[in-house]
Amino acid sequence: MPQSFKWLNLLRISAFLLFCKLGLTQDDSVVPTLKSEEIKLVEQTPNGEGEHRYLVSLPEQFRNRHFVFLVDRSACKANLAVNGNVLPSEDANDVFRFDKSNQIVLKNCVERTPQPLQLFAHPKVYISEARGNYDIGRRLLQLDVTIRNTLLNSASLSLNLPGSSEDFFVGPETSQTRSISVHLKSWVGNSLILVMHKYPEAIEAEYRHMRIVPISRISK
């Protein structure tokens, strides 16, 4: 048997074992995984007291993402402005340019906090919030999960859980929150990786989104 053929067989076996370990099929392996990522903001010199100014450059591959600002409202009271346009909320779709840097201004900050503003890029459909508790006495994992759909049409998806999955159908430009309980004999570790599989529809192809959920142990 040629040496190259032996190496090819070894690579195929290794790939198969990896799919089994992760609980994936070969079809799953070609579905892209889109992350929620924090975008670096470059702070500039402010024009006055209580003002923060930033520049941000966005890569072309983020053009179809959903952007959300996280503002420390305990320190800054005014709305954000991006490229001179005041945002009515922390969502920032259709205000960024990709051909040059974007200017962000945050005013009316009562103190100079180290990080009053963060910017995140999410997929259009994503796990926006999640928290979990493991009830030791009842051997019950309790999850509160919110799926957000920012598309103009409804989205179908499944959420992978320990030993099972949960199907969601989320309307256009809305969020759906669900409390899920899973019986488990024990829980090891202090977190869980939730995997959302968003199915293809009219506007977007399919993809996965992952979120690490902290798990607290409780005993009632």
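Both backbone and side-chain heavy atoms feed into the values below; hydrogens, waters and symmetry mates do not.
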Do [X] and [Y] sit within salt-bridge range, that is, some charged N less than 4.0 Å from a carboxylate O?
X	Y	value
R53	E51	yes
K124	E204	no
R73	E90	yes
R148	D91	yes

Indicate, with yes or no, if [Y] and [X] share a hydrophobic cluster defined by side-chain heavy-atom contacts under 4.5 Å among Ile, Leu, Val, Met, Phe, Trp and Tyr.
X	Y	value
I180	L184	yes
I39	V105	no
L34	F67	no

[X] [atom1]: over 12 foreign heavy atoms closer than 6.0 Å:
X	atom1	answer
K77	NZ	yes
I212	CD1	no
D99	CG	yes

Original post:
Looking only at side chains, do T33 and H209 share a donor and an acceptor under 3.5 Å apart?
Top reply: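 Per modelled atom types, T33 and H209 side chains form no pair under 3.5 Å.
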Original post:
Where do D135 and Q142 land on the side-chain hydrogen bond (donor to acceptor under 3.5 Å, both in side chains) test, with the steps shown first?
Top reply: CA-CA 8 Å; D135 188 329; Q142 298 173 307; 5.6 Å; no
Subject >> Set of residues satisfying side chain to side chain donor-acceptor pair (under 3.5 Å) with respect to S181, sequence neighbours excluded >> reply: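 With sequence neighbours excluded, S181 shows a side chain to side chain donor-acceptor pair (under 3.5 Å) to no residue whatsoever.
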**OP:** Would you please test N160 and H197 for side-chain hydrogen bond (donor to acceptor under 3.5 Å, both in side chains) and show each step?
**Re:** CA-CA 8 Å; N160 291 338; H197 188 146; over 6 Å; no
Subject >> Six-ring centre of F168, R178 cation under 6.0 angstrom, axis tolerance 45° >> reply: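 Yes - R178 lies over the ring of F168, closer than 6.0 Å to its centre and within 45° of its axis.
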